[in-house]
Amino acid sequence: MRSSIPVYLRLARTLQERIDSGALPAGSRLPSEPELSAEFGVNRLTIRQAIAELDRAGSVEIRRGIGTFVRAPVTRVSIDVDPLSQRIDLGSMHSREMNGSEKVLAAGPAGSAPDDREAAAHLPGALSRVDTLITIEAEPWAISTYWMPAALLPADLPPETNMVRSLGLDLRYDWRAFSATGADIGDAEHLDVNIGTPLLVREGVSCAPDGQPVLYVRRRIKGDRIRFVLNYRR
């Protein structure tokens, strides 16, 4: 019985297996379209379709006029979350240990956008909003949006900062939620990804020691760069 899987997908899988096995190591150049066409006995359009699938999967990088090259494996950072403590997370932020930084993209009064209204449902009074870009090893990893009572926004907020630490508060988690979304135009531009690329969303409210909610955070992280691990036993 003939396979129902299109030829270009079968070819893409074969090339992916060569990449996974190390036969095509990171940084190596794939054979040219004519070479692959001759090897597999298919036309060049099929080769292009297969390469496009590998590019979409992030396995190769197409350099126009030069060739197609195998990408280095993605480095994923595991953020350990201890449900019995307040310690953790990307952005709270282990930037020094991870050789990262946080750059302020915009700061000012919160508006009436849907996400601003969502934050207002969790925090009292007039709110300020700060958008930041988190980079690790010079690569953009996450966009963070912080909302807080307007009086808490530092007047001299530096362009590069750890936003949570800059507030000078001893914060406690109230709740955290995890979901996923597609990169919108702004996220795609700052994270250097395509519009619609999957992003992991971590959001929630932090409180002052007296229990007053003072910070709402929504962080969009490249989906292939991070994972959260809940540790229920030590």
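Residues W141 and H190 place their aromatic rings such that the two centres sit no closer than 6.0 Å.
Ion pair K103/E160 not flagged as a salt bridge, since none of the NZ, NE, NH1 or NH2 atoms sits closer than 4.0 Å to an Asp/Glu carboxylate oxygen.
Both L153 and L169 sit in one connected hydrophobic cluster of ILVMFWY residues. Membership requires side-chain heavy atoms under 4.5 Å apart, directly or through other members. Both V70 and L36 are assigned to one and the same hydrophobic cluster, defined by single-linkage of ILVMFWY side chains at heavy-atom distances under 4.5 Å. Residue V60 is not grouped with residue V193 when hydrophobic side chains (ILVMFWY) are merged at heavy-atom distances under 4.5 angstrom, including chains of intermediate members. The cluster map of Ile, Leu, Val, Met, Phe, Trp and Tyr, joined by side-chain heavy atoms under 4.5 Å apart, puts I5 and Y8 in the same cluster. The cluster map of Ile, Leu, Val, Met, Phe, Trp and Tyr, joined by side-chain heavy atoms under 4.5 Å apart, puts L191 and L105 in the same cluster.
Of all heavy-atom pairs spanning S179 and L200, the tightest one is O-CD1, 3.3 Å. Minimum interatomic distance between A183 and N194 (heavy atoms only, all atoms of both residues): CB-O, 3.9 Å. V104 and T132 get closest at one heavy-atom pair: CA-CG2, 4.1 Å. The two atoms that bring L123 and W147 nearest to each other are CD1-O, 3.3 Å, heavy atoms only. Closest non-hydrogen pair, A208 versus V214, comes out as N-CG2, 3.9 Å. Pairing each heavy atom of A72 with each of A26, the nearest pair is CA-CB, 3.7 Å.
Atom CZ of R48 and atom OG1 of T68 lie 11.0 Å apart (nearest 0.5 Å). The line from CG of D187 to OG1 of T197 is 10.0 Å long, rounded to the nearest 0.5 Å. Note that CG of L15 is 13.0 Å distant from CZ of R10, once rounded to the nearest 0.5 Å. Atom-to-atom distance recorded for N162:CG and S101:OG is 10.5 Å, nearest 0.5 angstrom. Distance CG/L24 to CG/D20: 10.0 Å, rounded to 0.5 Å. The CG atom of L11 lies 9.5 Å from the OG atom of S37; values are rounded to the nearest 0.5 Å.
A side-chain donor-acceptor contact under 3.5 Å links K222 to the backbone of P140. Listed for the T161 side chain is no donor-acceptor partner under 3.5 Å among the backbone atoms of P158. Using a distance-only test at 3.5 Å, with no hydrogens or angles considered, a donor-acceptor pair links the side chain of S166 to the main chain of M163. Between the R117 side chain and the S112 main chain, a donor and an acceptor come within less than 3.5 Å of each other. Here the side chain of E35 pairs a donor or acceptor atom with the backbone of S32 at under 3.5 angstrom.
Within the cation-pi definition used here (under 6.0 Å to the ring centroid, within 45° of the axis), R218 does not qualify as a partner of Y216.
Remark: A121 engages no residue in a side chain to side chain contact (heavy atoms under 4.5 Å, CB included) (not counting sequence neighbours). In this structure, the side-chain hydrogen bond (donor to acceptor under 3.5 Å, both in side chains) partners of D131, at least two apart in sequence or on a different chain, are R129, T145.
Taking 4.5 Å as the limit, every side-chain heavy atom of P213 sits out of range of all side-chain heavy atoms of H122. Side-chain contact between Y146 and V164 is present, with at least one heavy-atom pair separated by less than 4.5 Å. A 4.5 Å side-chain heavy-atom check between I19 and R71 finds every atom pair outside the cut-off. Side chains of I51 and L30 form a contact here, defined as non-hydrogen atoms less than 4.5 Å apart. Residues L127 and M148 have side chains not in contact (no heavy-atom distance under 4.5 Å, counting atoms from C-beta outward).
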(message) S144 vs R219, test: side chain to side chain donor-acceptor pair (under 3.5 Å). Steps then yes/no.
(response) CA-CA 4 Å; S144 294; R219 184 162 293 119; 2.5 Å; yes
(request) Tell me, with the steps shown, if Q16 and L54 meet side-chain contact (heavy atoms from CB on, under 4.5 Å). (result) CA-CA 7 Å; Q16 182 66 63; L54 292 174; 3.6 Å; yes
(request) Evaluate the criterion side-chain contact (heavy atoms from CB on, under 4.5 Å) for residue pair V217 and E203; output intermediate values, then yes/no. (result) CA-CA 5 Å; V217 184; E203 59 190 321; over 6 Å; no
(request) Apply side chain to side chain donor-acceptor pair (under 3.5 Å) to R176 and S206, showing your working. (result) CA-CA 9 Å; R176 287 295 183 268; S206 293; 2.8 Å; yes
(request) Apply the test salt bridge (charged side-chain N to carboxylate O under 4.0 Å, His left out) to residues E39 and R18: give CA-CA distance (whole Å), side-chain angles for both, the deciding distance (0.1 Å), then the verdict. (result) CA-CA 14 Å; E39 177 182 355; R18 293 182 182 180; 2.5 Å; yes
(request) Walk me through it: do N43 and T46 pass the test side chain to side chain donor-acceptor pair (under 3.5 Å)? (result) CA-CA 6 Å; N43 60 47; T46 300; 3.0 Å; yes
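Counting non-hydrogen atoms of other residues, nucleotides and ligands closer than 6.0 Å to CG of D210 gives a total above 12. Counting heavy-atom neighbours within 6.0 Å of R13 CZ, excluding the residue itself, gives a total of 12 or less.
Residue F69 belongs to a hydrophobic cluster whose other members are I66, with links defined by side-chain heavy atoms closer than 4.5 Å.
There is no side-chain donor-acceptor pair under 3.5 Å between T14 and E17.
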